[in-house]
Amino acid sequence: MPASPPVPPGVVDRLRAAGCVFAEDEARLILRTARTPEEVESMVRRRVAGLPLEQVVGWAEFRGLRISLDPGVFVPRRRTEFLVSQAVAHAVGRRSAARAGRAGAVVVDLCCGSGAVGAALVAALGPRTALYAADVDPAAVRCARRNVADVGGHVYEGDLFAPLPAGLRGRVDVLAANVPYVPSDEVGLLPSEARDHEPLVALDGGTDGLDVLRRVAADARAWLAPGGCVLVETSERQAARAALAFVRGGLTARLTTSEELDVTVVVGTAPAAPPGRAAPDSPAASVPPAAPEGRTHGYAAPLPPAPGSKSSTK
């Protein structure tokens, strides 16, 4: 590896004065990224003004991938890597029960932002994975298309499931939905990097933070293959209500928590197909394996509604 360029003391001092806790590390990253002294100055000026470092340098690291990032696009968080690990565990468990010769998993990245979650899932599950992503924010869609282009992913602009191809209904093995879950009256308490420079639609989850999650939970079953799962990130204090929304949507819900990353992931699993009646192009139904890390708590679903039926979104 080439030696890191020397860090001008003035750059570190300006970053530290602006409140950057890891000023030296940020300065080195800016110097490695910038191509000219003018770019260094521009990046430092934008960082001092409060832009997230990832938007300043134009990329973020996520599960070892370099994710391209534009100004105004939601920055992928390290804690969301836990959601990816849970999704990979489920998909691998389904693959072990799949018919020989079956195509790769069908993955949907909903509320995809930069496309980091979808790109990481393909990297973990292999190139045969069929990736579809969607976001309501045009800037996010443009960014995501760059990040998933090399893996053959498809990105659509629109609200939740609305823009997805109808042919995906009943075929999705893994539905990752990194929905906004900050309660509306707490958005103003977020760090300025988030509240001032990331889209509100990616942060504000409504009165109790669960408005978008409930909409996903209400419609997810119609899109999932038998035994397929939907995963969302939430806070520990919201987790029980989030799990209840999944149960009301006809799914079996479980919570998995990472104390290290301070995040809870709710996993909703669709009912398995009856014996001998695996869905076309889906793996034979199986019970997903226990998550490889974190604490897990399960919620049993009631008798679910018929596939394709509409659930309440209240």
Side-chain angles (χ1 to χ4, degrees), residues 1-85 112-120 123-124 135 137 139-151 178 180 182 186-204 233 258-263:
M1 294 288 292
S4 297
V7 179
V11 170
V12 174
D13 292 343
R14 290 167 65 187
L15 293 173
R16 186 177 291 118
C20 300
V21 177
F22 302 103
E24 292 87 352
D25 293 335
E26 292 194 11
R28 292 189 184 95
L29 182 58
I30 287 172
L31 290 169
R32 283 201 301 267
T33 304
R35 294 165 295 184
T36 65
E38 291 75 20
E39 283 191 353
V40 171
E41 174 58 28
S42 175
M43 289 183 180
V44 171
R45 190 165 54 247
R46 283 181 285 155
R47 181 62 178 136
V48 167
L51 269 72
L53 177 65
E54 296 85 355
Q55 292 181 4
V56 168
V57 299
W59 61 278
E61 183 178 350
F62 187 79
R63 277 185 63 99
L65 301 177
R66 185 165 173 151
I67 302 297
S68 174
L69 210 63
D70 295 331
V73 174
F74 182 79
V75 177
R77 273 49 167 181
R78 179 170 175 260
R79 63 174 175 264
T80 305
E81 295 181 354
F82 184 67
L83 182 151
V84 174
S85 71
C112 68
S114 64
V117 169
D135 201 288
D137 180 11
V141 169
R142 289 192 296 271
C143 189
R145 283 175 176 158
R146 293 202 308 274
N147 285 315
V148 305
D150 289 344
V151 298
N178 194 20
V182 180
E186 296 181 18
V187 171
L189 304 178
L190 294 173
S192 61
E193 292 181 1
R195 69 173 187 266
D196 295 336
H197 300 288
E198 293 183 311
L200 184 62
V201 70
L203 302 170
D204 190 342
E233 177 183 305
S258 168
E259 295 180 357
E260 176 189 0
L261 297 176
D262 189 26
V263 65

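From Leu15, atom CG reaches atom CZ of Arg47 across 7.5 Å, with rounding to the nearest 0.5 Å. Atom CG in Asn147 sits 5.0 Å away from atom OG in Ser68 (nearest 0.5 Å). Glu39 CD to Ile30 CD1: the interatomic distance, rounded to the nearest 0.5 Å, is 11.5 Å. For the atom pair CD (Glu54) and CD1 (Ile67), the distance works out to 12.0 Å, reported to the nearest 0.5 Å. Here the CD-CG distance, from Glu81 to Leu65, works out to 9.0 Å after rounding to the nearest 0.5 Å. Here Glu198 contributes atom CD and Leu51 contributes atom CG; the two are 10.0 Å apart, rounded to the nearest 0.5 Å.
Within the 4.5 Å cutoff, no side-chain heavy atoms of Asp135 are placed close to those of Phe74. Residues Asp70 and Arg146 meet the side-chain proximity criterion, which asks for heavy atoms closer than 4.5 Å. Here the side chains of Leu190 and Leu203 are in contact, with some heavy-atom distance below 4.5 Å.
The pair Arg45-Glu41 meets the salt-bridge criterion, since a charged nitrogen lies less than 4.0 angstrom from a carboxylate oxygen. Salt bridge annotation for Glu260-Arg79: absent, with no cationic side-chain nitrogen under 4.0 angstrom from a carboxylate oxygen.
Listed here is the closest heavy atom pair of Ser114 and Leu69: CB-CD1, 3.7 Å. Here the shortest heavy-atom pairing between Pro199 and Val73 reads CD-C, 4.1 Å. Minimum interatomic distance between Ser192 and His197 (heavy atoms only, all atoms of both residues): O-CD2, 3.8 Å.
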Which is it for Val40 and Val44 under the side chain to side chain contact (heavy atoms under 4.5 Å, CB included) test, yes or no, and what are the steps along the way? CA-CA 6 Å; Val40 171; Val44 171; 4.2 Å; yes
Would you please test Thr33 and Trp59 for side chain to side chain contact (heavy atoms under 4.5 Å, CB included) and show each step? CA-CA 10 Å; Thr33 304; Trp59 61 278; 3.8 Å; yes
Show the numbers, then the answer: is there a side chain to side chain contact (heavy atoms under 4.5 Å, CB included) between Leu83 and Val117? CA-CA 8 Å; Leu83 182 151; Val117 169; 4.3 Å; yes
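A donor-acceptor contact shorter than 3.5 Å links the side chain of Arg77 to the backbone of Val75.
Counting heavy-atom neighbours within 6.0 Å of Asp196 CG, excluding the residue itself, gives a total above 12.
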